[in-house]
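Heads up: the structure comes next, in structure tokens.
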Amino acid sequence: MRPATLTDRRDADRQPTHDRGDLVVLGVEAALLLAAVAVGAVLNHRGVGLHADAAPLYATWQPHVGWGTPVAVLVALAVLGPGTRWARTARWGPLLAAGWLAATAWTLALALVDGWSAGITRRLTEQAEYLHEVPRVTDVPRMLAGFADRILDFQPDSWSTHTAGHPPGALLVFVGLDRVGLGGGTAAALACVLVGATVTVSVPAALRASGAADAARTVLPFLVLLPGAVWVGASADGLFTGVVAAGLALLVVRGPAVALAGGLLLGCALYLSYGFVLVGPLALAALALRPAGRARALLAAAVGVGTVAVAFTLAGFAWWEGYDRVVQRYYQGWAADRPYTYWIWANLAALLLSAGPVLGPAVRRALLAARAGRWGATAFRTGRWGATADGARVGRWRWSLPADRARALGPTVVLPAAAVLAVVAADLSGMSKAEVERIWLPFVVWALVATAHLPARHRRWWLAGQAATALAVNHLLFTVS
């Protein structure tokens, strides 16, 4: 057995401090959530236009149980018990398949707490949803060419809220389902759940491809018992989350053809939501974490994104024109009333209910790991650059500098950092006032990669807290997609 080193003893001495730090962060999270609920209740009582009865969530207070309740509890217990143990040793293929099935069961069980009709069938059929517009799309090329003209409100043929607030790719998904015989609320909701649950495949696959297979096994149970599954089942944002995660995962896997496929998916994502321009930092992080061929992969991914953009533009929809009108439409509605001074910080409380209480401690530990590893990253960088005999820098390493530094820090630091950066940008923009518990799901699943830094002896407790958060939200509130 290797004798304990001075570094080992120092790490052991620091561990209790780290544990206390996690509790401090958890206390800050609790204080933020309580403040958001209390201030939200006061503002709603005073008639301030929060347009969120259970602020900071877009929901209504409605304690209830349903026949999905025992199923959700059983799934949580299965994951917390044998599931986490099996994840450490299972073969990779069966592990990913089981993760996807477990996430699907967890999401459906949570949805069915509200009942089959309210939780599944009618969830996407409200007037504000995409399915409201599907019967009106009889000519897809004509719809695309005139899409931007119908974004603004207060005109006879304006789009419904969600359709107007997104590029036409979102509506096309549900039109496509309808055209192949999968129309209606049930098929649409199940599609969102099934695609959304694929994050349990995409995120671990990306970690494994970047050389962090052990971290992938650690993170997988946290993705299965994601509190945000409350909104994956069933909202279009669940489907969007699955598409973005798959696109990012493909950027990490070897081969320019795979990177091209990832670029095509991320290009499609840009036409699902305007906010996915903020996936940019995650995409660069994913490319930097590739083991080789980063320059070719970047080019291939750019071609993929560009191909989708050109196709939509030639079809008559200009993304930039749509975004300009969406900003106007945004302030034609509730956003004009919702106070930025409340939502700028209350959004973060909503994020905690979607990502779970583990988010703060996990990100904190990732930051500690980044600080501890920065000297190694700097040394890696210095060694890669070097100099020629006459003192000139070796130019052939210009692309590899940020990539090598990212790989030295590792995916469990770089990917959560990129996700947090995207969330901060979205929050500061003022274009995400409320409803972020579902809108930010594509970033939440990558922020939770930081859970790989949690001590092994604490992971099951944190995972139980995640499950309890989802169950509490879904049984105390009736969430709205």
Side-chain angles (χ1 to χ4, degrees), residues 68-113 190 192-208 212-234 237-239 241-242 244-246 249 353-359 362 412 415-416 419 438 441-452 454 456 458-474:
T69 300
V71 180
V73 172
L74 288 174
V75 172
L77 292 175
V79 175
L80 285 166
T84 52
R85 292 192 298 271
W86 184 67
R88 301 189 198 114
T89 58
R91 290 190 296 116
W92 190 247
L95 175 61
L96 293 185
W100 177 76
L101 288 172
T104 300
W106 172 245
T107 305
L108 287 174
L110 291 173
L112 292 175
V113 171
L190 292 177
C192 292
V193 171
L194 295 175
V195 175
T198 61
V199 298
T200 56
V201 175
S202 299
V203 176
L207 291 174
R208 185 171 185 254
D214 289 342
R217 292 177 181 274
T218 299
V219 171
L220 180 56
F222 287 93
L223 296 172
V224 171
L225 296 184
L226 174 72
V230 171
W231 294 277
V232 172
D237 293 277
L239 185 145
T241 301
V244 170
L353 292 173
S354 182
V358 77
L359 178 64
T412 58
L415 291 171
R438 59 175 177 80
L441 281 171
F443 309 115
V444 163
V445 296
W446 295 98
L448 289 180
V449 167
T451 55
L454 296 171
H458 293 166
R459 287 170 190 158
R460 184 172 279 113
W461 290 107
W462 285 116
L463 194 57
Q466 297 290 95
T469 299
L471 291 169
V473 168
N474 220 41

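Residue indices begin at 1 and follow the sequence shown. These numbers come from a predicted model, not from an experiment.
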Approximate separation, where rounding is to 0.5 Å, of Asn474 CG and Thr469 OG1
12.0 Å
When rounded to the nearest 0.5 Å, the distance separating OG of Ser202 from CH2 of Trp446 is 7.0 Å
Indicate the atoms forming the closest heavy-atom contact of Ala447 with Leu359, along with that distance.
CB-CD1, 3.8 Å
I need the Phe443 CZ to Leu415 CG distance, nearest 0.5 Å.
13.0 Å
All heavy atoms of Pro94 vs all of Trp86, minimum pair found to be O-CH2, 3.6 Å
Shortest non-hydrogen pair, Gly233 vs Thr107, comes out as N-CG2, 3.5 Å
Side chain proximity check, Pro204 to Leu223, heavy atoms < 4.5 angstrom
yes
Please check if the side chain of Trp100 supplies one atom and the backbone of Leu194 the other of a donor-acceptor pair under 3.5 Å.
yes
Student check: side-chain heavy atoms of Arg459 and Thr218 closer than 4.5 Å:
yes
Starting from the C-alpha separation in whole Å, work towards a yes-or-no answer on side-chain contact (heavy atoms from CB on, under 4.5 Å) for Leu448 and Leu226.
CA-CA 9 Å; Leu448 289 180; Leu226 174 72; 3.5 Å; yes
For the pair Gln466 (side chain) and Val358 (backbone), establish whether a donor and an acceptor sit closer than 3.5 Å, ignoring hydrogens and angles.
yes
Could you tell me whether the side chain of Val244 reaches within less than 4.5 Å of the side chain of Val199, counting heavy atoms only?
no
How about Trp461: does its CH2 atom have over 12 heavy atoms from other parts shown lying under 6.0 Å from it?
no
If we only count heavy atoms from C-beta on, is the Leu207 to Val449 side-chain gap below 4.5 Å?
yes
Is any side-chain heavy atom of Leu441 less than 4.5 Å from a side-chain heavy atom of Trp231?
yes
Could you tell me if the side chain of Leu80 sits less than 4.5 Å from the side chain of Arg460, heavy atoms only?
yes
Is any side-chain heavy atom of Leu463 closer than 4.5 Å to one of Thr84?
yes
Can you tell me how far apart OG1 (Thr69) and CG (Leu471) are? Round to the nearest 0.5 Å.
8.0 Å
Report yes or no: does Arg217 contribute a side-chain atom to a donor-acceptor pair with the main-chain N or O of Ala90 at less than 3.5 Å?
yes
Heavy-atom pair with the smallest gap, counting every atom of Ala450 and Pro416:
N-CG, 3.5 Å
Output the distance between atom CG (Leu96) and atom CG (Leu101), rounded to the nearest 0.5 Å.
11.0 Å
What heavy-atom pair brings Gly99 and Leu220 nearest, and what distance separates the two atoms?
CA-CD1, 4.4 Å
So, do Phe222 and Leu454 sit near enough that their side-chain heavy atoms are less than 4.5 Å apart?
yes
Could you give the distance from CG (Asp214) to OG1 (Thr412), rounded to the nearest 0.5 Å?
11.0 Å
On a heavy-atom basis, which atom in Leu225 and which in Ala467 lie closest, and how many Å separate them?
CD1-CB, 4.2 Å
